[in-house]
Amino acid sequence: MSLNSSWTPDESSETLLAEKGWLQGTVVSAVAYGIGVALFFMCFHLLFRKMNRTNYKKLLPFLIYITTTFILSTLFMAALADFTQLAFIQYRNYPGGPSAFENVSIPMDNITDVCGVLTMILSDGLVVWRCMVIYRGCMVPMWIIMLFPCLMFAASIAMAIMWLLQVTASTPYFSSTDINYTIPYLTLSLALNIIITIIIVLRLLTYRRRISKVLGSSYGTQYTSIAAMIVESAALYSTFSVAFLTLFGLNNAISETFLVSLTQVQIIAMLLIVFRLAQGKAWSQDTMSEVMTSRPSAQTTRVGDFGYHLQDGSKTFTGSTGTGAHATYKSKERDSAELSV
């Protein structure tokens, strides 16, 4: 049976391409949601199993965090599926087709917008926090490093609120203004993730070079490997962001595919970070000390802004802030180390 061109909707090729991008984005988003569900239960299981009376205050916020994002992602996916069904099936003959129906403000579409914005804010907050943790102990003051990312984060939240009001409210101010908050909102959020990805990777590459130079390439690999840097820096989401911004800047309708699936991809990147935290493999403020004291050395070494000394069976590790970590090793049982800070 041959396909008849008369069966094609009476729409321009650009409109049809945009509709294809939207539908394909919904499929990609559904696949990403399935991956996110699996990651959520893996994270929840690890965190819940490790929780006890001594560490519940530390782990409980992560459980609340991933549960909140899981609920938001589920609501987002359900609303997106229902809205796609309305556009392509129930109201297929809407003037202009599904591409025009996408601009109709209905409660189901508003749920998608709200859940997407809240998820993006939570995920952006996580990567900003991870950046602070990884740069803790740096010779440069923390406020200098984090000033620009925090300002961008605050600006993206403000633009997100303005964008939500624009797409959901019917007030005269937002309906009459010529300002489109979609572009500044998405640009700020995506640029924030791209910038943080770059500075986290640079920091981890610096740590990797220093550790390899002193102890060898086999030490600290769980923190500074390529896979670790990809996860820690949320590079998956940043890659999607770059692809979207490139296609969007070229006015390519396929950018709709990346736009629709951005929320679920961002959740995957966030859950991968939490999963490494639950496994105990994520970088923390004590990681450098732990790596440097994992192998005895017969001399004093300098690793950038870190000092490390072994004398009479004891090790002293000093960071740039002057904080000292002293580890005493028994002569016959090196594995039973007593660490005092």
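Sequential numbering from 1 along the given sequence is applied to the chain's residues. These numbers come from the heavy atoms of this one structure, side chains and all, not from hydrogens, waters or symmetry mates. The structure presented is a predicted model; accordingly, all values stated were derived computationally and were not measured.
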- Query: Does some side-chain heavy atom of Phe76 sit less than 4.5 Å from a side-chain heavy atom of Ile267?
  - Reply: no
- Atom pair CD1/CD1 of Ile268 and Ile273 - distance to nearest 0.5 Å: 12.5 Å
- Partners passing salt bridge (Lys or Arg N to Asp or Glu O under 4.0 Å) against Glu19 (at least two apart in sequence or in another chain): Arg92
- Task: If a pair satisfies side chain to side chain donor-acceptor pair (under 3.5 Å) and one of its residues is in residues 241-252, list it, with sequence neighbours excluded.
- Result: none
- To the nearest 0.5 Å, what is the distance between SG (Cys150) and CD1 (Ile145)? 11.0 Å
- Query: Distance from Met142 atom CE to Leu147 atom CG, nearest 0.5 Å?
  - Reply: 12.5 Å
- Message: Distance check, rounded to the nearest 0.5 Å: Leu126 atom CG versus Leu277 atom CG?
- Response: 7.5 Å
- Note on the structure: Value for CD1 (Ile66) from CD1 (Ile71), rounded to nearest 0.5 Å, stands at 11.0 Å
- Message: What I'd like to find out is whether the side chain of Val133 reaches to under 4.5 Å of the side chain of Arg130, using heavy atoms alone.
- Response: yes
Mind listing the side-chain donor-acceptor pairs of residues 114-125 below 3.5 Å, one per line with the distance, residues two or more places apart or on another chain?
{"unit_1": "Thr119", "atom_1": "OG1", "unit_2": "Cys115", "atom_2": "O", "d": "2.8"}
{"unit_1": "Ser123", "atom_1": "OG", "unit_2": "Thr119", "atom_2": "O", "d": "3.0"}
{"unit_1": "Asp124", "atom_1": "OD1", "unit_2": "Asn193", "atom_2": "ND2", "d": "2.7"}
{"unit_1": "Asp124", "atom_1": "OD1", "unit_2": "Gln266", "atom_2": "NE2", "d": "3.0"}
{"unit_1": "Asp124", "atom_1": "OD2", "unit_2": "Ser189", "atom_2": "OG", "d": "2.9"}

- Message: According to ring-ring contact (aromatic ring centres under 6.0 Å, His included), does anything in residues 103-129 pair up with another residue at least two apart or in another chain? List the pairs.
- Response: Phe62-Trp129
- Is a side-chain N or O of Ser156 found less than 3.5 angstrom from the main chain of Phe153, in a donor-acceptor match? yes
Show me the donor-acceptor pairs within less than 3.5 Å that the side chains of residues 20-30 make with the rest of the protein, sequence neighbours left out.
{"unit_1": "Thr26", "atom_1": "OG1", "unit_2": "Trp22", "atom_2": "O", "d": "3.0"}
{"unit_1": "Thr26", "atom_1": "OG1", "unit_2": "Thr84", "atom_2": "OG1", "d": "3.4"}

- Message: According to a hydrophobic-cluster definition based on side-chain heavy atoms being under 4.5 Å apart (Ile, Leu, Val, Met, Phe, Trp, Tyr only), do Met132 and Ile144 belong together?
- Response: yes
- Query: Are side-chain heavy atoms of Val104 and Leu86 found at a separation under 4.5 Å?
  - Reply: no
- With sequence neighbours excluded, residues passing ring-ring contact (aromatic ring centres under 6.0 Å, His included) with Tyr91: Phe101
- Query: Can you list the residues that meet the side-chain hydrogen bond (donor to acceptor under 3.5 Å, both in side chains) rule with Ser99, with sequence neighbours excluded?
  - Reply: none
- Query: Phe244: what forms a ring-ring contact (aromatic ring centres under 6.0 Å, His included) with it, not counting sequence neighbours?
  - Reply: Phe248
- Task: Supply the atom-to-atom distance Ile194 CD1 to Ile199 CD1, rounded to the nearest 0.5 angstrom.
- Result: 12.5 Å
- Task: For residues Phe83 and Ile111, determine if any side-chain heavy atom of one lies less than 4.5 Å from a side-chain heavy atom of the other.
- Result: no
- Those residues that, when tested against Asn110, pass side-chain hydrogen bond (donor to acceptor under 3.5 Å, both in side chains) (two or more places apart): Ser105
- Message: Give me each pair satisfying salt bridge (charged side-chain N to carboxylate O under 4.0 Å, His left out) with a member in residues 52-77, each pair once, sequence neighbours excluded.
- Response: none
- Hey, are the side chains of Tyr185 and Met162 touching, using non-hydrogen atoms and a 4.5 Å cut-off? no
Taking only distance into account, with no hydrogens and no angle test, what donor-acceptor pairs under 3.5 Å do side-chain atoms of residues 33-41 form with protein atoms, sequence neighbours excluded?
{"unit_1": "Tyr33", "atom_1": "OH", "unit_2": "Thr74", "atom_2": "OG1", "d": "2.9"}

- Same cluster or not: are Leu16 and Leu247 linked, directly or through other Ile, Leu, Val, Met, Phe, Trp or Tyr residues, by side-chain heavy atoms under 4.5 angstrom apart? no
- Do Ile196 and Leu245 belong to the same hydrophobic cluster, where Ile, Leu, Val, Met, Phe, Trp and Tyr are linked whenever their side-chain heavy atoms lie under 4.5 Å apart, directly or via other members? yes
- Pairwise side-chain contact, Met159 with Trp163, heavy-atom cut-off 4.5 Å (strictly under): no
- Heavy atoms of Met152 and Ile195 approach each other most closely as SD-CD1, 3.6 Å
- Task: Check Phe258 against Ala243 and note the closest heavy-atom contact, atom names and distance.
- Result: CE2-CB, 3.6 Å
- Message: Tell me whether Leu250 shares a hydrophobic cluster with Ile254, the cluster being built from Ile, Leu, Val, Met, Phe, Trp, Tyr side chains joined at under 4.5 Å.
- Response: no
- Message: Give me the atom names and distance for the closest heavy-atom approach of Ser261 to Phe240.
- Response: OG-CE2, 3.6 Å
Donor-acceptor pairs are to be reported for all side-chain atoms of residues 45-52 against protein atoms at under 3.5 Å, with residues two or more places apart or in another chain.
{"unit_1": "Lys50", "atom_1": "NZ", "unit_2": "Ala278", "atom_2": "O", "d": "2.3"}
{"unit_1": "Asn52", "atom_1": "OD1", "unit_2": "Thr54", "atom_2": "N", "d": "2.9"}
{"unit_1": "Asn52", "atom_1": "OD1", "unit_2": "Thr54", "atom_2": "OG1", "d": "2.5"}
{"unit_1": "Asn52", "atom_1": "OD1", "unit_2": "Asn55", "atom_2": "N", "d": "3.0"}

- Task: Could you tell me whether the side chain of Thr263 reaches within less than 4.5 Å of the side chain of Leu80, counting heavy atoms only?
- Result: no
